[in-house]
Amino acid sequence: MQRSPLHEAHVALGARMVPFAGWEMPVQYTGIVEEHKAVRERVGIFDISHMGQLLFEGPGAEAFLNRAFTNNVSSLEPGHGQYSLMLNAQGGVIDDLIVYRLSQREYFVVVNASMIAVDEAHLRSLNWGEDVEFANISAVTGGVAVQGPKSREVFKKVFGPDAPYPERNTISLSVTEEGILYLCGTGYTGEEGFEFFAPAVTFGGWFEKLVAAAREVGGQPCGLGARDSLRLEMGYPLNGNDLAPDKTPLEAGLGFFVDLTKETFTGQDVLLEQKARGLGTKLTGFRMTSAGPPPRPHYSVWHEGTQVGEVCSGGLAPSLGQGIGMAYLPANLSKPGTALEIEIRGKRYPAETVKKPFYRTEKQS
Amino acid sequence: MSQVPANLRYRESHEWIDPATGTVGITDHAQAELSDVVYVELPKVGAQVKAGDQVAVVESVKAASDIYSPVDGEVIEVNSGLPDNPALLNADPYAGGWIFKLKVANAASTDSLLDAAAYQQHIA
């Protein structure tokens, strides 16, 4: 079991540590609902040191990443990033990730913790050639996500009033005595925020400063539990639950992050065929329509007496006070307002399909 | 530090029973481990249960947990306030957050459960 460079800090803060993707990580400090609300209303600090960081550099990097990922890295200006997917030859999702273009020839890629080794092996199998240099810096890099409407205040307190805030989907690098800091305008909670990565050996000090700054504005450190409920409320897919090697990004509703017009990328032919033929199933959001237990992964989903799917991600939405979830359903049932039932411990509870996101942050509404 | 009242008996799976009244709930330690309880499924009044039978379900934000009967008996009452206010289980696990009441089949059976000191050690 790997430990975050912040392990001792978490324990000192009273976190409950749990195994996650081969890592021992904090699931909560004071309570999932309280931490969830802190992010929606103020600000939360998440340890994301378990996530993977890959660097690509060289004259062939752009072409290689365009072959390896679904989105079009050529459309990225230096200093900008995009959400993208890595597919297998069948068009199924291996991993979802963020690619940042650091300069004309350099890229910084953030991948899921559980997929670091799989991703690297897959990328190597695609053979990037001699004009691409690669480094997997995951093991020596720590990361923190700062999320919530008061993220900017935390940023100014820690990095100084004149430091440029990383706006949405941008990245900036700071070279310090401690090494390179990657400051990224991204997150996975639906709130404004930033993530930053730095050498693991120096990370404790940053975390301490960020938590102190967050506390000054009513925020707090938050665990994986709140991270999961926040991303579920936004309808963001979770690899392993909602994304899988036998589901394509089109079925997952992520067509926006797939550039089918690119010259070529792994899985493209399958997606083109799927697009021409029409989708059989779609990842569809639903909400429970009566009081009852929250829906959870693998519960069966029913429509008019027939089982039509199973829950991928599901749970209680703390901001909405009701059960929500996502399931791959036949495309004709994905229209909002379709009546469903979710079977929980042998009893079926009414639900209906809804449009995502389940929860709208102030900026979206 | 979790509260472990001396007058109760405990199951290793973190249920408590009051031998004097047959009232059953989950421990302070258990509610803290579960974190925010969001749903409680109660047993039916009149149900005959055996020690170790799954009789109720407590769901937190993260997971559903089965609640087992500490001893043999008949369910004679359930805490009907819990479904509307499952957070009572977090706030007051030994009083307002009780789950169900048993007519204990054999009064001596509670003696075989952990006492407060043994349960304290179990969760240490």
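All chains are named by letter (A, B, ...) in the order of the sequence lines, taking the proteins before the strands, and each is independently numbered beginning at 1.
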Chemist: Step through the shown structure and confirm whether more than 12 heavy atoms of other residues, nucleotides or ligands are within 6.0 Å of CD on Gln3(B).
Modeler: no
Chemist: So which of Gly315(A), Gly225(A), Pro294(A) has the biggest tally of heavy-atom pairs under 4.5 Å with chain B?
Modeler: Pro294(A)
Chemist: Top residue by heavy-atom pair count (under 4.5 Å) with chain A, among Pro86(B), Ala64(B), Ala63(B), Pro83(B)?
Modeler: Ala63(B)
Chemist: Would you indicate whether Lys37(A), at its atom NZ, is surrounded by more than 12 heavy atoms from other residues, nucleotides or ligands within a distance under 6.0 Å?
Modeler: no
Chemist: Counting only heavy atoms closer than 4.5 Å, note whether Val40(B) contacts chain A via side chain, backbone, both or neither.
Modeler: neither
Chemist: Starting at CD1 of Ile344(A), measure out to CD of Glu41(B) and round the result to the nearest 0.5 Å.
Modeler: 8.5 Å
Chemist: So, for Pro293(A) and Glu59(B), which heavy atoms are closest and what is the spacing to 0.1 Å?
Modeler: CB-OE2, 3.1 Å
Chemist: Are Gln28(A) and Lys62(B) side-chain neighbours, meaning at least one heavy-atom pair lies under 4.5 Å?
Modeler: no
Chemist: First locate atom CG of Asp66(B), then atom CZ of Arg345(A), and finally report the distance between them rounded to the nearest 0.5 Å.
Modeler: 7.5 Å
Chemist: Around Gln307(A), counting heavy atoms of other residues, nucleotides and ligands shown, do more than 12 lie under 6.0 Å from its CD?
Modeler: yes
Chemist: Tell me whether the count of non-hydrogen atoms from other residues, nucleotides or ligands lying under 6.0 Å of CD in Gln48(B) goes above 12.
Modeler: yes
Chemist: Between Asp36(B) and Ile32(A), what is the shortest heavy-atom contact and its length?
Modeler: OD2-N, 3.1 Å
Chemist: Of the backbone (N, CA, C, O) and the side chain (C-beta and beyond), which part of Val38(B) lies under 4.5 Å from a heavy atom of chain A, both, or neither?
Modeler: side chain
